> 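Quick one: the structure is below, and I'll ask about it shortly.
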Amino acid sequence: MPKTIARLSISFSLVSIPVNVYAATERHAVPLHQVHAADGGRIRNRRVCELDGTEVPYEEVARGYEAPDGRTVVLTHDDLADLPLATTREIKVLGFLDAARVDPVNYDKAYYLGPSNPAGARPYALLRHAMLEASQVAVARVAIRTRECLAVLRVRENVIVLQTLLWPDEIRSAADIAPKGVQLRPTEVQLARTLMDAITEDFHIEAEHDEYTHALEQVVEARLAGTEPPHAPESRVLPPGGTALDLIAVLERALTDAQERHPKTSNAVKSTSTTKQAGKKTRKSTSKALPGTANGAARGKGPTGRA
């Protein structure tokens with residue numbers, strides 16, 4: 001059973017569901033330390049009080065706020081835990097929305113919610129079922145880890161997930177970032193779509209892993225063994241130019257490469273391409289037949305073109 005990091009209640013209207021909060025994610029990384037480059041000695045960060053110069057143990061560290069006049073207000077853990085704020089003890093549901101209306105750029109951190117006692121199991125299951133049936137998420141307000149934020153409640157693998165959100169004013173504007181005035185040719189778009197199909201058919205996100213950590217481990221192991229560490233592969237970048245013909249050539253080379261790397265889809269892509277080319281040939285054949293005998297026959301004329 002995972003460790004409980006908080007105990008709250010999901011509150012909407014007069015319904016209250018006591019829940020335990022669990023971390024839903026964890027990060028894996030090679031533990032790197034700050035060291036002195038000259039001799040490898042560890043760099044230590046110590047908590048030292050600037051008034052008496054003594055090192056302060058963690059349990060004596062508190063939060064503080066410095067007023068404009070220089071006075072410092074010390075806030076204890078109890079002060080922060082007992083703020084005059086309802087959301088420090090509950091997840092207050094504000095309403096329900098279609099999941100597509102929440103822009104993923106707003107997502108921050110995910111937590112699992114589970115009923116904290118047997119009495120909460122039935123209302124928990126009811127909320128979960130209702131959200132699934134309506135294909136909606138609950139938008140809520142909650143204070144967690146000394147910060148109040150908006151959140152959505154959604155269902156993942158039969159568990160209600162609390163996904164904290166950034167506030168609207170924390171999302172930076174995307175103005176002036178996207179290119180303007182770019183005119184795309186239908187051929188370019190079709191090649192891009194074909195390339196997307198070629199590399200997506202046998203893609204499974206659950207099979208992906210952290211290659212950065214693996215590469216870092218290889219370098220560390222090589223350094224420990226006193227051997228030359230592996231180096232970064234040569235970067236593959238788009239050639240300069242940027243003309244439509246350059247882009248088409250790059251897309252065609254990328255498609256060939258994708259078909260070699262994804263053999264499961266190469267036949268399907270080629271089959272689709274062959275079908276489209278056959279369709280084009282049929283249309284061309286039909287158009288050539290119209291001015292000749294077939295056209296005359298369609299108009300009720302004989303082989304000589306006369307009625």
Side-chain angles (χ1 to χ4, degrees), residues 21 23-29 85 87 91-113 131 134-156 160-201 203-213 215-216 232-255 257-258 261-262:
V21 182
T25 59
E26 60 181 359
R27 294 186 181 276
H28 303 285
L85 188 68
T87 51
I91 304 166
K92 185 175 179 59
V93 174
L94 307 176
F96 294 85
L97 294 174
D98 292 336
R101 290 186 58 188
V102 182
D103 190 333
V105 76
N106 291 279
Y107 288 158
D108 192 9
K109 189 170 176 58
Y111 300 89
Y112 291 138
L113 303 180
M131 288 195 295
S135 298
Q136 290 186 322
V137 298
V139 179
R141 183 186 289 261
V142 63
I144 194 167
R145 294 193 182 277
T146 72
R147 183 176 184 269
E148 187 184 49
C149 59
L150 290 176
V152 294
L153 301 181
R154 57 187 180 86
V155 181
R156 180 182 185 272
I160 296 178
V161 175
L162 172 74
Q163 185 91 47
T164 61
L165 304 176
L166 299 171
W167 292 102
D169 61 1
E170 293 178 317
I171 306 298
R172 293 182 175 180
S173 172
D176 302 323
I177 294 178
K180 299 177 181 178
V182 178
Q183 299 295 326
L184 297 176
R185 296 183 177 183
T187 305
E188 296 169 345
V189 177
Q190 183 58 50
L191 277 171
R193 292 294 302 273
T194 305
L195 178 60
M196 289 167 60
D197 292 339
I199 66 177
T200 300
E201 186 68 23
F203 171 71
H204 302 284
I205 193 170
E206 62 274 7
E208 295 300 303
H209 60 277
D210 182 7
E211 294 184 354
Y212 181 92
T213 297
L216 183 55
E234 183 179 351
S235 299
R236 296 190 302 172
V237 297
L238 288 175
T243 64
L245 290 178
D246 289 338
L247 182 56
I248 289 176
V250 170
L251 285 170
E252 288 176 340
R253 290 198 300 270
L255 181 58
D257 177 74
R261 291 172 179 267
H262 304 269

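Since the model is a prediction, treat every value here as computed from it, not as a measurement.
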> Within this structure, what is the NZ-CZ distance for the pair Lys109 and Arg147, rounded to the nearest 0.5 Å?
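Spacing of NZ (Lys109) from CZ (Arg147) equals 13.0 Å.
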> Side-chain contact, heavy-atom cut-off 4.5 Å: Val139 with Val93?
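No, their side chains stay 4.5 Å or more apart.
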> First locate atom OG1 of Thr213, then atom NE2 of His28, and finally report the distance between them rounded to the nearest 0.5 Å.
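Thr213 atom OG1 to His28 atom NE2 measures 9.0 Å (nearest 0.5 Å).
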> In the structure I gave you, are the side-chain heavy atoms of Ile171 and Asp103 within less than 4.5 Å of one another anywhere?
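A side-chain contact is absent here, since even the closest heavy-atom pair is not under 4.5 Å.
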> Counting N and O atoms only, with roles assigned by atom type, does the side chain of Asp98 sit under 3.5 Å from a partner on the main chain of Ala100, one being a donor and the other an acceptor?
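Such a contact is absent between Asp98 side chain and Ala100 backbone.
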> Pick from Leu97, Val161, Val102: which one makes a side chain to side chain contact (heavy atoms under 4.5 Å, CB included) with Val152?
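Per the side chain to side chain contact (heavy atoms under 4.5 Å, CB included) rule, the option paired with Val152 is Val102, out of Leu97, Val161, Val102.
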> Measure the spacing between CH2 of Trp167 and CG of Asn106 and express it to the nearest 0.5 Å.
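Taking CH2 in Trp167 and CG in Asn106, the distance rounds to 11.5 Å.
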> Once you round to the nearest 0.5 Å, how far does OG1 of Thr164 lie from OH of Tyr107?
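Rounded to the nearest 0.5 Å, the OG1-OH separation comes to 11.0 Å.
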> Does atom CG of Asp169 have more than 12 heavy-atom neighbours from other groups under 6.0 Å away?
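Atom CG in Asp169 is packed in, count exceeds 12.
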> Go through it in stages, so that I can follow the logic: the residues are Val137 and Leu153, the test is side chain to side chain contact (heavy atoms under 4.5 Å, CB included), and I'd like the CA-CA distance, side-chain angles, deciding distance and then a yes or no.
CA-CA 6 Å; Val137 298; Leu153 301 181; over 6 Å; no
> Got more than 12 heavy atoms from elsewhere within 6.0 Å of CZ, Arg193?
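No, CZ of Arg193 has 12 or fewer neighbouring heavy atoms, counting only those of other groups under 6.0 Å.
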> Mind checking the CG-CG spacing from Leu165 to Leu150? Nearest 0.5 Å is all I need.
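It comes to 6.0 Å.
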